Amino acid sequence: MYRVKNLDLASKGKDMIEWAERNMPVLMRIRKEFEETKPLTGVRVGAVLHVTKETAVLARTLLAGGAEVWLAASNPLSTQDEVAAALATEGIRVFAWRGESDDEYFWCIERIASSNPDIVVDDGGDLHVFLHEKAPDTAEKVLGGTEETTTGVMRLKALESSGMLKYPVIAVNDSKTKYLFDNRYGTGQSTLDGIMRATNVLIAGKIVVVAGYGWVGRGIAIRARGLGARVIVTEVDPVKALEAVMDGFDVMPMSEAAKVGDIFITATGNIDVIRVEHVLTMKDGAILANAGHFNVEISVLDIENIAVSKRTIRNNVNEYLLPNGKRVYLLAEGRLVNLVAAEGHPSEVMDLSFANQALAIKYLVENRGKIVNRVHRLPEEIDYAIARLKLRSMGIEIDSLTEKQLEYLKSWK
Ligand code: ARJ
């Protein structure tokens with residue numbers, strides 16, 4: 001059971017997955033353990049994730065652990081069709097292709113929901129919300145869920161505080177070995193990669209405006225600076241704004257930044273961060289991109305409404321002619337530029353994120369019935385164990401505390 005673009009792409013997809021596996025040593029180690037102990041025997045996992053070569057390595061690992069795996073995309077434009085085809089030939093129930101319409105996107109999610117999953121894995125919360133709103137009886141029977149990203153965790157916490165959360169969720173995003181690496185270094189590199197593949201413009205000397213100074217914004221700001229850009233940060237949080245200033249970035253309101261920026265990148269998780277009023281004051285040729293989970297940070301519909309004309313000038317680059325005669329360039333239709341115009345985060349960083357996913361799923365299965373219906377973090381021991389495994393895979397050793405040091409830390413004297 002599957003629906004993908006073209007099964008003939010499978011062999012190319014297998015090569016892509018093999019390449020990712022080379023760079024995901026922690027997850028591969030977990031796979032070996034799963035093969036031996038089969039902790040997921042009889043468990044049906046329904047997952048909505050970006051269908052990339054890295055996600056394929058996770059899917060193969062869950063399969064190796066004995067699970068039945070159902071997979072749909074967490075964005076209509078992020079599927080790597082070669083990978084989806086490869087997975088379809090390996091017994092994974094995959095429903096995903098690049099360029100799904102909105103209806104098709106939710107049709108695929110519905111396939112996952114109606115498989116009656118024991119465990120639900122989500123990136124962004126669309127599957128969790130679908131189950132709670134449209135299939136409450138199915139949600140009732142779910143053992144537990146995981147959530148990959150900040151936006152999804154925010155939605156689940158809102159469900160939790162309304163008292164409506166129907167199963168326990170592990171916020172994978174909130175592991176240190178997730179957000180400190182994936183959100184920062186992963187997005188930092190893949191976002192610049194997406195902008196460069198889409199436009200091939202020189203970053204050096206450009207003024208790059210980064211909206212939001214959370215972990216994602218920080219990663220983008222340091223990488224843009226590393227490539228020689230002059231970086232402006234916009235924020236609403238005074239502490240984060242102060243951090244950005246002391247990290248050496250210019251900080252100002254979007255209304256000011258709009259007038260001077262060459263490249264704008266949103267990373268706030270909020271709506272309408274770049275609005276028409278900003279776009280109208282931008283320089284001719286300004287480039288707009290989004291790195292947040294949903295395509296809501298740049299007010300794309302409003303731009304469409306005022307634009308005199310629109311055309312696609314390159315893959316993933318839409319040009320809008322504004323009533324004031326200036327042109328702006330929107331990348332990847334305002335969807336996550338790193339997954340649409342590039343390949344998402346590099347495998348090395350997804351190794352950490354998906355090690356968290358695999359171990360969170362195992363944890364939920366092992367502790368079934370014992371976890372309250374709230375949003376939890378993965379236990380810290382597991383988080384730290386993942387960091388140790390990653391260091392070991394990199395050939396890096398660290399010190400450990402002596403008995404005397406341990407005593408010293410515990411003493412109040
Ligand atoms: C799969 C990816 C990849 C990739 O972990 C990242 C996150 O939090 C998501 C926000 O939607 C995207 C997800 N991500 C980034 N890169 N998922 N494969 N290569």
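Every heavy atom of this structure was used, including side-chain atoms; hydrogens, water molecules and symmetry mates were not. Counting convention: from 1, in listed order, for ligands and their atoms alike. Keep in mind that what you see is a predicted model, and the values were worked out from it rather than measured.
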For [X], the ligand 1 atoms whose distance to one of its heavy atoms is below 4.0 Å:
X: E343; result: 19 (N)
X: L336; result: 11 (O)
X: F354; result: 1 (C)
X: G344; result: 16 (N), 19 (N)
X: H293; result: 10 (C), 11 (O)
X: K178; result: 5 (O), 7 (C), 8 (O)

Tell me, which protein residue and heavy-atom name are nearest [atom], and how many Å apart are they?
atom: atom 16 (N) of ligand 1; result: H345 N, 2.8 Å
atom: atom 19 (N) of ligand 1; result: E54 OE1, 2.9 Å
atom: atom 18 (N) of ligand 1; result: T52 OG1, 2.6 Å
atom: atom 10 (C) of ligand 1; result: T149 OG1, 3.3 Å
atom: atom 2 (C) of ligand 1; result: M350 CE, 3.4 Å
atom: atom 9 (C) of ligand 1; result: D123 OD2, 3.1 Å

Any [X] heavy atom less than 4.0 Å to ligand 1:
X: V349; result: no
X: T55; result: yes
X: K53; result: no

Return yes or no for this condition: an N or O of [X] is under 3.5 Å from an N or O of ligand 1.
X: N173; answer: no
X: N338; answer: no
X: N183; answer: no
X: S353; answer: no

Ignoring hydrogens and angles, state whether a donor on the side chain of [X] or [Y] is under 3.5 Å from an acceptor on the partner side chain.
X: D247; Y: Y213; value: yes
X: T79; Y: K5; value: no
X: Q80; Y: T52; value: no
X: Y329; Y: E319; value: yes
X: N373; Y: K166; value: no

| said: Regarding E343 and R197, does a basic nitrogen lie under 4.0 Å from an acidic carboxylate oxygen? | reply: yes

| task | Start with the C-alpha gap between E33 and K362, add the side-chain angles, then the distance that decides, and say whether salt bridge (Lys or Arg N to Asp or Glu O under 4.0 Å) holds. | result | CA-CA 11 Å; E33 182 206 308; K362 176 174 170 229; 3.2 Å; yes

| said: Using 0.5 Å steps for rounding, measure from the NE2 atom of H293 to the CG atom of D123. | reply: 5.0 Å

| Partner of T191 under side-chain contact (heavy atoms from CB on, under 4.5 Å), chosen from I265, V216, V210 | I265

| ring-ring contact (aromatic ring centres under 6.0 Å, His included), paired with W215, selected from Y185, Y179, F181 | Y179

| said: Can a donor-acceptor pair be found, under 3.5 Å and without considering hydrogens, that links the side chain of K390 to the backbone of E348? | reply: yes

| Any idea how H132 and Y167 line up, ring-wise: parallel (<30°), tilted (30 to 60°), or perpendicular (>60°)? | tilted

| said: Taking 4.0 Å as the limit for heavy-atom contacts, which would you say applies to T150 with ligand 1: side chain only, backbone only, both, or neither? | reply: neither

